[in-house]
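Notes for the one structure printed next.
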Protein chains: 2
Amino acid sequence: MDIKTEQSTEKIILEVAERLFLEKGFAMTSTTEIAKEVGCNQALVHYYFRTKDNLFNTIFEQKFKDFFQWIFEIKSTGELEFLDKLKLIIESHFDLLMNNPKMPALILNELSRKPEQISMLKDKLEAIPVKLFSELNAELQTAIAQGKVRKIDLIDLIVSMITMNVAIFVMMPVVENILSLDESKKKFMIQHRRAENVDFILKSLRP
Amino acid sequence: MDIKTEQSTEKIILEVAERLFLEKGFAMTSTTEIAKEVGCNQALVHYYFRTKDNLFNTIFEQKFKDFFQWIFEIKSTGELEFLDKLKLIIESHFDLLMNNPKMPALILNELSRKPEQISMLKDKLEAIPVKLFSELNAELQTAIAQGKVRKIDLIDLIVSMITMNVAIFVMMPVVENILSLDESKKKFMIQHRRAENVDFILKSLRP
DNA sequence: TTATTATTTAATAGTATTATTAATCGGATG
DNA sequence: CATCCGATTAATAATACTATTAAATAATAA
């Protein structure tokens, strides 16, 4: 038996469903199609997850949280200068996206078309800013006072960063097609953007 | 008779369909629903447009083109300095998006899930860069040579601009919900972003 | 008015989808 | 071996959707 065949059918369904939902979105992915790709009966998908909604939520609730909680990972950057720390933050955010390149589009789609699901995130989200935001903000204000950074609100800075990092991945499927990029060119372009985003943001912060 | 009732049924169908497609996407909008909102028989939608695909394409082919051809509108900026011209370009691009706030999401969705439609755009697109791109690039290089702008590739600059402008509108439905923004707060935030994007980009270009 | 054409509707074929149910299969346990 | 139970399937109900057709109605021209 194949090593990969060793997984339970339930796990395979989860994996296939995740891939298809990411590729084609919720509405365009049918449980029939999921079953076909898994190689099992369609009823089995419902046997394990009862409803399609359930299956979707099972997969993505955790992912959504992880995605919005990425900011918690920013610890142990210790005694770095604000700008060096910011560079790490931008890069780690970009890397998170790079490891889940299709998540932003899915989140933006599903959340804007099913606003119910947003409430689930709100709770998890409110906890984040208070602590870390104020810490980071203190560091930013210090850097500004020291003349190392131009005057800017932290929220604007964060929005700009998220904006630039997210956008490249949301736009990539279209850019990829229009410019007929192959896999290596695509990778190169993404790496280039990673550096360019850091550069662009840091340059914009010069006093 | 009402002034607005004066329009032909065909036009009403087009308007309703456009609104629904923008709100809910292609897959989640049914011809039945369109007909219901128009207040006519569902068969009538097919009478005028034969297929749902046809209806969608009729509405959006032109819009897609307009969207990508926005760059053509940048004429008559005459003898402005490069940075002033760039400011106008950023703002006009932002305004185009502001007038069609739901288009970016639709374009990104439909194009990434139906790559066939992209070929239609490719042709229209290839004509654009050659002429305007080289002109703009010449101006950028001059500005760099004069020490007014840091060294940067025009393509990176354009990508950064499109990125920042598009992203805010793509992300707005989610942000709006998470932060519970009302209409006026939303408008304020968008206007703020308009200024912030210009500022951010221009600041990043300082030598 | 009558004939002709355009618009609109009712009915329905055909298909796909979600979800449920009952039956079967195969392995574990006694 | 018998049986018990989770895993799986076949069959199908229920629904929704696209598209077509034929009939009805309204508008127009002759």
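Every chain is numbered from 1, with letters handed out A, B, ... down the list of sequences. Just so it is clear, the structure is predicted and the values come from calculations on it, not from any experiment.
When rounded to the nearest whole Å, the span between CD1 of B:Ile13 and P of C:dT7 equals 11 Å. Here C:dA11 presents its P atom at 17 Å from CG of B:Leu44, a figure rounded to the nearest Å. Atom CG of A:Asn41 is separated from atom C1' of C:dT18 by 13 Å (rounded to the nearest Å). Between B:His46 atom NE2 and C:dA11 atom P the separation is 18 Å, expressed in whole Å. As rounded to whole Å, 13 Å separates atom C1' of C:dG14 from atom CD of B:Gln42. Atom P of nucleotide C:dT7 and atom CD of B:Glu10 are separated by 8 Å, given to the nearest angstrom. One interatomic measurement links the two molecules: OH of A:Tyr47 to C1' of C:dA19, which rounds to 16 Å at whole-angstrom precision.
In this pair, A:Phe21 and A:Phe26 present their aromatic rings parallel. The plane angle is below 30°, not in the 30 to 60° band.
At the heavy-atom level, B:Ser30 lies under 4.0 Å from the strands shown only through sugar-phosphate atoms. Residue A:Tyr48 is classed as a sugar-phosphate contact, given heavy-atom separations below 4.0 Å to backbone atoms only.
Among all heavy-atom pairs drawn from A:Thr31 and A:His46, the shortest one is OG1-NE2, 3.3 Å. Annotation for A:Met161 and A:Ile201: closest pair CA-CD1, 3.8 Å, computed over non-hydrogen atoms.
With A:Lys85 as the fixed residue, the salt bridge (Lys or Arg N to Asp or Glu O under 4.0 Å) test singles out one of A:Glu91, A:Glu135, A:Glu139: A:Glu139. Each of B:Leu86, B:Leu140, B:Ile144 was scored for a side chain to side chain contact (heavy atoms under 4.5 Å, CB included) with B:Leu205, with one residue passing: B:Leu86.
If you walk DNA chain D from 5' to 3' and mark each nucleotide with an atom closer than 4.0 Å to a heavy atom of chain A, the marks span D:dG6 to D:dA10.
Remark: side-chain polar atoms of A:Asp182 are paired, donor with acceptor, to backbone N or O of A:Ser184 under 3.5 angstrom.
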